[in-house]
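In the text below, chain A, chain B and the rest are named by the order of the sequence lines, each starting its count at 1.
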There are 2 protein chains.
Amino acid sequence: MSPARRTESLSREVVVTAAIELLDEHGERGFTFKLLTERLRTGAGAVYWHVANKEELVRLCADRVLGDALAAAGPEQDLRSLALSVYDALDRHSWAARHVIVLPSLPHALHLLDRIGTLLTGTPLPAERRFLVATAIFNYVVSVTAQDVVRVATVDTAAGRDALLAAYAKSWESLDPQTFPFLTGAATDLREHDDRDQFVTGLDLLLDGLRHQSGGGQPGEG
Amino acid sequence: MSPARRTESLSREVVVTAAIELLDEHGERGFTFKLLTERLRTGAGAVYWHVANKEELVRLCADRVLGDALAAAGPEQDLRSLALSVYDALDRHSWAARHVIVLPSLPHALHLLDRIGTLLTGTPLPAERRFLVATAIFNYVVSVTAQDVVRVATVDTAAGRDALLAAYAKSWESLDPQTFPFLTGAATDLREHDDRDQFVTGLDLLLDGLRHQSGGGQPGEG
DNA sequence: ACCTGAACACCGTTCAAGT
DNA sequence: ACCTGAACACCGTTCAAGT
């Protein structure tokens with residue numbers, strides 16, 4: 001009944017590769033050691049020989065995803081294309097984004113932050129503001145990706161997504177226009193929206209703000 | 001030994017209030033029904049009479065937190081102070097931010113998005129871009145809050161935070177300057193950084209970008 | 001209508017035993 | 001050094017029985 005045990009030896013890399021597949025298929029919540037050991041045709045103890053626990057494993061997976069994205073992006077990019085490369089990679093593995101944090105460090109998250117900071121060096125932005133702006137951009141990229149308006153994980157097919165959006169758009173239309181003056185008129189926008197466009201819109205606002213104020217002082221407090 | 005059962009009757013509101021306390025104390029991961037029923041001095045079934053399951057309960061908690069923030073903020077705010085009110089409220093309950101999403105709707109998330117959209121109406125921004133920009137700002141506020149550089153949940157005391165940052169700053173200093181030209185020079189910035197400043201920096205970039213391009217067309221693709 | 005609390009299914013982790 | 005797999009502790013959820 002049960003499939004034969006694996007004969008090749010396990011490694012951290014093999015475990016991570018299998019885990020990424022399962023995370024993509026089932027999401028972080030549906031990803032269990034039972035699924036993992038079945039896929040790897042081995043026992044739980046074998047996995048624990050290579051990784052400390054589930055949390056570390058998921059972090060390793062997220063780091064692999066981010067590392068691949070940075071490698072694929074190449075070193076010669078500007079801020080905007082770097083951000084889009086990362087967005088696209090994280091969008092394909094939506095469970096990964098929330099693990100991309102600087103502290104405690106996901107190794108490739110440090111690389112990403114460094115590249116953002118380095119790209120700012122070729123900019124009129126005053127040196128003392130560089131760290132603040134670099135982390136602001138880093139935060140924008142990974143955290144907005146982590147939390148798109150329609151989570152891809154929820155619906156698999158494009159048709160399912162369209163149907164879901166149509167249903168939500170309809171519910172927006174029937175909201176009370178007194179309390180929701182904006183949303184009642186935005187149902188069509190919701191139905192036709194694209195998550196990547198929203199990401200790009202915010203990113204361009206951020207970069208525009210950067211261009212326009214990088215010479216000047218702090219923005220006003222009011 | 002075990003404390004007396006409660007005599008007052010339970011309600012959804014009472015359950016949510018107790019759950020928020022425990023979420024603040026233990027984080028989402030440490031929050032269990034065992035802790036909850038002990039705190040409420042009742043049985044598991046009693047809780048399930050008032051809420052469908054744990055996921056719904058945490059969503060109700062997050063919605064309460066956001067609702068209180070919006071109520072406290074008052075209706076007369078500009079975009080910047082609204083964003084800061086929400087940031088400050090979510091910062092006090094760091095588990096809540098990742099549940100503040102538009103679809104599937106957290107009720108008060110709809111209110112927040114509507115208020116952002118409505119505030120944009122009094123702006124030269126072309127009407128057809130309003131939804132895109134509103135969601136971009138919404139995404140920035142809630143998702144950056146969800147993922148600050150130093151998660152507050154990790155360290156309780158200010159002294160603990162300082163010590164942790166100092167340790168990380170030291171590790172940045174000893175990185176290879178070839179591969180991390182920016183971070184090796186940013187150790188001091190890390191040690192002295194403030195999460196709220198980073199949030200405000202990104203927010204002001206976003207709002208500056210909005211001011212400067214709201215009349216004009218799309219930003220360039222390159 | 002609302003609550004009790006034992007029972008169930010599931011899941012991450014451990015560990016003595018194997019090779 | 002690397003793997004096995006039964007056992008353990010824990011946790012969300014259910015449900016027959018109570019008031």
Side-chain angles (χ1 to χ4, degrees), chain A residues 1-63 95-96 98-99 104 153-154, chain B residues 1-63 95-96 98-99 104 153-154:
Chain A
M1 235 8 355
S2 71
R5 297 252 138 244
R6 63 183 295 116
T7 51
E8 333 85 79
S9 71
L10 228 49
S11 71
R12 183 175 269 223
E13 284 66 43
V14 171
V15 172
V16 167
T17 302
I20 290 175
E21 286 175 22
L22 290 167
L23 284 162
D24 288 344
E25 293 168 22
H26 300 93
E28 183 161 356
R29 192 168 185 158
F31 168 64
T32 66
F33 272 72
K34 185 161 183 291
L35 285 172
L36 183 62
T37 51
E38 279 168 2
R39 175 75 50 105
L40 290 171
R41 292 180 299 140
T42 185
V47 173
Y48 278 90
W49 180 260
H50 295 281
V51 300
N53 51 44
K54 191 184 178 184
E55 199 181 313
E56 187 196 78
L57 176 54
V58 177
R59 276 176 59 89
L60 289 169
C61 292
D63 197 50
W95 48 269
R98 72 184 203 89
H99 297 275
T154 316
Chain B
M1 226 39 313
S2 70
R5 296 251 137 242
R6 62 183 297 115
T7 50
E8 332 84 80
S9 70
L10 228 47
S11 71
R12 181 174 270 223
E13 284 67 42
V14 171
V15 172
V16 167
T17 302
I20 290 175
E21 286 175 22
L22 290 168
L23 284 162
D24 288 344
E25 291 168 25
H26 301 92
E28 183 161 355
R29 193 169 181 156
F31 168 63
T32 65
F33 272 70
K34 185 162 183 292
L35 284 172
L36 183 62
T37 51
E38 280 167 2
R39 175 74 51 103
L40 290 171
R41 292 179 300 141
T42 185
V47 173
Y48 279 90
W49 180 260
H50 295 281
V51 301
N53 51 44
K54 193 185 179 184
E55 200 181 312
E56 187 196 79
L57 175 54
V58 177
R59 276 175 58 88
L60 288 169
C61 291
D63 197 50
W95 48 269
R98 72 185 204 87
H99 297 275
T154 317

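With sequence neighbours excluded, the residues that form a salt bridge (charged side-chain N to carboxylate O under 4.0 Å, His left out) with B:Arg98 are B:Glu28. Residues forming a salt bridge (charged side-chain N to carboxylate O under 4.0 Å, His left out) with B:Arg12 (at least two apart in sequence, or on another chain): B:Glu56. Looking at residues two or more places apart in sequence or on another chain, you find a side chain to side chain contact (heavy atoms under 4.5 Å, CB included) between A:Ser11 and A:Glu13, A:Val14. Under the side chain to side chain contact (heavy atoms under 4.5 Å, CB included) criterion, B:Thr7 pairs with no residue at all, not counting sequence neighbours. When the side-chain hydrogen bond (donor to acceptor under 3.5 Å, both in side chains) test is applied to B:Asp24, the partners found at least two apart in sequence or on another chain are B:His93, B:Trp95. For A:Arg6, the salt bridge (charged side-chain N to carboxylate O under 4.0 Å, His left out) partners at least two apart in sequence or on another chain are A:Glu8. Legend: residues meeting side chain to side chain contact (heavy atoms under 4.5 Å, CB included) with B:Glu55, ordered by chain and number and at least two apart, are A:Arg29, B:Asn53.
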Q: Convert the base pairs of DNA chain D into dot-bracket notation, remembering that pairs crossing earlier ones are written with [ ] and that bases paired across to another strand are shown as |; include only Watson-Crick or G-U pairs under 3.5 Å.
A: ||.|||||...|||||.||

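Between B:His50 and A:Gly45, it is B:His50 whose nearest contact on DNA chain C lies nearer the 5' terminus. Along DNA chain D, the nucleotide nearest to B:Arg29 and the one nearest to A:Trp49 differ in position, and the one closer to the 5' end is contacted by A:Trp49.
Screening residues 22-42 of chain A for ring pair (Phe, Tyr, Trp, His ring centres under 6.0 Å) gives A:Phe33-A:Tyr48 as the qualifying pairs, with residues at least two apart or on separate chains. Listed by first and then second residue, the salt bridge (Lys or Arg N to Asp or Glu O under 4.0 Å) pairs involving residues 44-53 of chain A amount to none (not counting sequence neighbours).
Side-chain contact between A:Leu57 and A:Leu36 is present, with heavy atoms from C-beta onward closer than 4.5 Å.
Using a 4.0 Å cut-off on heavy atoms, the residues of residues 8-24 of chain B that approach DNA chain C are B:Ser9, B:Leu10, listed by number.
Along DNA chain D, read 5' to 3', the first and last nucleotides having any atom under 4.0 Å from a heavy atom of chain A are D:dA1 to D:dG5.
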